[in-house]
Amino acid sequence: MMMIRTNSLLHHAFFKLTGILITNSLTTTTLSSSVLGLEFSPHSTSSLASLLHSTSFSNNGDRPLSRYQKVTSLDHAFNLFDEMILRKPLPSVIKFNQLLSALTKMNHFSSCLHLFKQMYVVRVPVDAYSMNIAIKCCCQISRTNDGFALLGCCFRRAVVPNVITFSTLLDGLIREDRILEAERLFKKLIKHRLCEPNVVTYNTMIKGLCKFGNNDIAIGLLRLMDERGCRPDVVAYSTIIDSLCKDKMMDDAFNLFKEMVFHKAIQPNVITYTSLIHGLCNLCRWDEVAKLLKEMEEDARISPNFQTFSILVDAFCKEGRVDEAEAVIDIMVERGEVPNIVTYSSLVDGYSLRGEMTKARTLFDSLTSKGLVPNVVTYNSLLNGYCKSFKVEEAMHLFHDITRKGLKPDIVSYSTMLQGLFRVGRCGAARKLFNEMRSQGLIPDECTYRIILDGLCNNHKVEEALSLFHLVGDSKLNSDIVVYTILIEGAGKCGKLDIAKTLFHDLTVKGLQPDVRTYAVMISGLCREGLLTEAKHLFCKRDESGCPPNSVTYNVFLQGYLKNQNCDDVEMLLQEMDRRSYSLDASTLSLLIDQISAGSVDRSMLKLIGKLVPKELMDTLESCLDYNLFKQMWEA
DNA sequence: ATAGGGTTAG
């Protein structure tokens, strides 16, 4: 019921979204008639004001571009440059700078650096602008050290570096994850008065702190800049808000958002909203997503952009809601945005997750005709779909296609294939592929490790899994509750309960917190050996330990009772499940049906069971029970 | 009247 409600809310938001997108595009044309004495709500008055403001502003900004700024290709730029250096006298440095700048806007950083060097050769007197552009290019191609070398040139050439120079270098260090050096440079700027940091310098440093998980220090810097007389702007706030959203700390993100809007009167923009929407999507908080979209839509100054749509498309696909994703793509297209390979990769992923491989493949094959080139991520989605549908041969084929298309399979491609091979029991092929992966210089990550352990356990090779686990030893890979859960489940399933118990004990020693799944597999292992009392003890302890119970644990526990032909607590458990609105899963239900058929379940319990059967299992229930019994359950 | 900062993929 919940899902339906949020669904329709989101549909509603999209419907309204479509409306506002059209309204927004009409605003400029209807403006003149609005000005001619038609009514305004206070809201539209203010948006009109801002519109007028931005119109007069853009008249300044719309100054025709010089021919040096208008270059459209590398060739064009090089030809123009060659022509420029032949002219006598040489064109002013500004014209050269415009050309360099145009190249950086097209992401041609190396070529830009090449022309910059040529300027030295033909003795165009470079200035701080040219220097800053060149330093920016170095930083963008991960050669920040070369950027610092250019800074040295500044001093020799009597070009004075300014706050932009240092902000650019700071950004370069952060791009290369050299956070300590970035902090050192930042402090040096202030201490040696190399320049007074401005809002961009602070924002860059804030980004670096956030990148390394120091949200609190970033917020500290936000306060500090304010104290030092540099007013934080929407970028400063949005950077931290985004980081908090990525860490799933939505409450903190919204608090900062409110502070920005209500206390600092800083207008949020599309990026601020997109970050918040992304964070909510990751947590499947759809009703709040709809609320934010609506809020955005109500503010005429802000409308969703390409990124906003891409995030929504991806989020819907990950939930398997491909229809809604397609609806968003339609809205995108209506707005004149062109979906790119990322957008369609999400869609391939969505179909694959639903196991709709024909649709996934058709879409994948149609990408080329759309002028889009599938990348490794696109391939990985399709690989995953084939593997999950047990079509490992198809997956293998596609896997080899990756190399044939001149791409390199990455750690995700290999991990996905490994999982697929283990799923169909091809452990030997998995081992071979693992060795191939290593020979390609790819280092298995925690995901690969989990897949291998899980694969071994599910193929009756628990000993191998355990020896791998011991081989890995005290590494970070083993400080992972999921790893322990996999091994506990594996050990439990093959009757090695003593090992399961040891592992369960060890994880707490290591300071790891068992999660709902860990408890479930441990309870299941105990029940399998008929140790219901011990299982019950753990079940209650888990309830106390602040680890909230979920539907899975109840099902596992119920199965334990039913498999042991013990119906003592079954009714009590069913009642608790009903109170918490949990439902029965397929295997628990089938065990219950056995008991009902055998006549060992009290008739009074039938109605309760009926309430706990989810819609999708109704058919199972109906076909398993004789009609009269079924009627009793539903009409009681 | 040419240079620097924040949002997209397993």
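For clarity, every value in this text was computed on a predicted model and none was experimentally measured. Throughout, protein chains are lettered first and strands after them, A, B, ... in sequence-line order, and every chain is numbered starting at 1.
A salt bridge is defined here as a Lys NZ or Arg NE, NH1 or NH2 lying under 4.0 Å from an Asp or Glu carboxylate O, and E288(A) with R285(A) meets this definition. Salt bridge annotation for K294(A)-E298(A): present, with a cationic side-chain nitrogen under 4.0 angstrom from a carboxylate oxygen. Between E83(A) and R67(A), at least one side-chain nitrogen of the basic residue sits less than 4.0 Å from a carboxylate oxygen of the acidic one, meeting the salt-bridge criterion. For the pair K405(A) and D401(A), the salt-bridge criterion is not met [side-chain N within less than 4.0 Å of a carboxylate O].
At a threshold of 4.0 angstrom between heavy atoms, the contacts of T272(A) include nucleobase atoms, whether or not backbone atoms are also involved. Using a 4.0 Å heavy-atom distance criterion, F306(A) is classed as a base contact. When heavy atoms are screened at a 4.0 angstrom cut-off, V199(A) is found touching base atoms of the nucleic acid. When heavy atoms are screened at a 4.0 angstrom cut-off, T168(A) is found touching the sugar-phosphate backbone but no base atom.
At whole-Å resolution of the value, CZ in F96(A) and C1' in dT2(B) are 13 Å apart. In this entry the distance linking CG of L170(A) with P of dG4(B) reads 15 Å, nearest Å. Between Y344(A) atom OH and dT8(B) atom C1' there is a gap of 15 Å when expressed in whole angstrom units. Atom CD in Q140(A) sits about 13 Å away from atom C1' in dA3(B), given to the nearest Å. The separation between Y129(A) atom OH and dG4(B) atom P is 11 Å, rounded to whole Å. Regarding R175(A), its CZ atom lies at a distance of 11 Å from the C1' atom of dG4(B), rounded to whole Å. Spacing between atom OH of Y237(A) and atom C1' of dT7(B) amounts to 19 Å, rounded to whole angstrom units. What separates NZ of K207(A) from P of dT7(B) is a distance of 7 Å, to the nearest Å.
Residue-to-nucleotide contacts include a donor-acceptor pair under 3.5 Å from the side chain of S238(A) to the base of dG6(B). Checked by distance alone, N380(A) brings no side-chain donor or acceptor within 3.5 Å of a matching partner on the base of dA9(B). Contact annotation: side chain of S167(A) to base of dG4(B), donor-acceptor pair present below 3.5 Å. Judged by distance alone, with hydrogens and angles left aside, N375(A) brings a side-chain donor or acceptor within reach of the base of dA9(B), the pair sitting under 3.5 Å. Evaluation of atom-type donor-acceptor distances gives a pair under 3.5 Å for the side chain of N198(A) against the base of dG4(B). With hydrogens and angles left out, the side chain of N269(A) and the base of dG6(B) share a donor-acceptor pair within 3.5 Å.
Q98(A) has a side-chain polar atom (N or O) that falls below the 4.0 Å cut-off from OP1 or OP2 of dT2(B).
Taking every side-chain heavy atom of N305(A) into account, dT7(B) is the closest of dT7(B), dG6(B), dA3(B). Taking only side-chain atoms of V163(A), from C-beta outward, the nucleotide of dG4(B), dA9(B), dT7(B) with the closest atom is dG4(B). Candidate nucleotides dT2(B), dA9(B), dA3(B) were compared by shortest atom distance to the side chain of N97(A), and dT2(B) ranks first. Of the candidate nucleotides dG10(B), dA3(B), dT2(B), dA3(B) has the atom lying nearest to any side-chain atom of K105(A). Side-chain proximity of V377(A) to the nucleotides dA3(B), dT2(B), dA9(B) is greatest for dA9(B). Of the candidates dT8(B), dA3(B), dG6(B), dT8(B) carries the atom nearest the S310(A) side chain, counting heavy atoms from C-beta on. Here the side chain of Q69(A) is nearest to one of dT2(B), dG10(B), dT8(B), namely dT2(B). Of the candidate nucleotides dT2(B), dA3(B), dG4(B), dG4(B) has the atom lying nearest to any side-chain atom of T201(A). Of all nucleotides listed (dT7(B), dT2(B), dG6(B)), dT2(B) comes nearest to the side chain of S101(A).
Of the residues listed (K207(A), K136(A), K211(A), R178(A)), the one engaging D171(A) in a salt bridge (Lys or Arg N to Asp or Glu O under 4.0 Å) is K207(A), and it is the only one.
At least one donor-acceptor pair closer than 3.5 Å links the side chain of S66(A) to the backbone N or O of Y68(A). At least one donor-acceptor pair closer than 3.5 Å links the side chain of S415(A) to the backbone N or O of I411(A).
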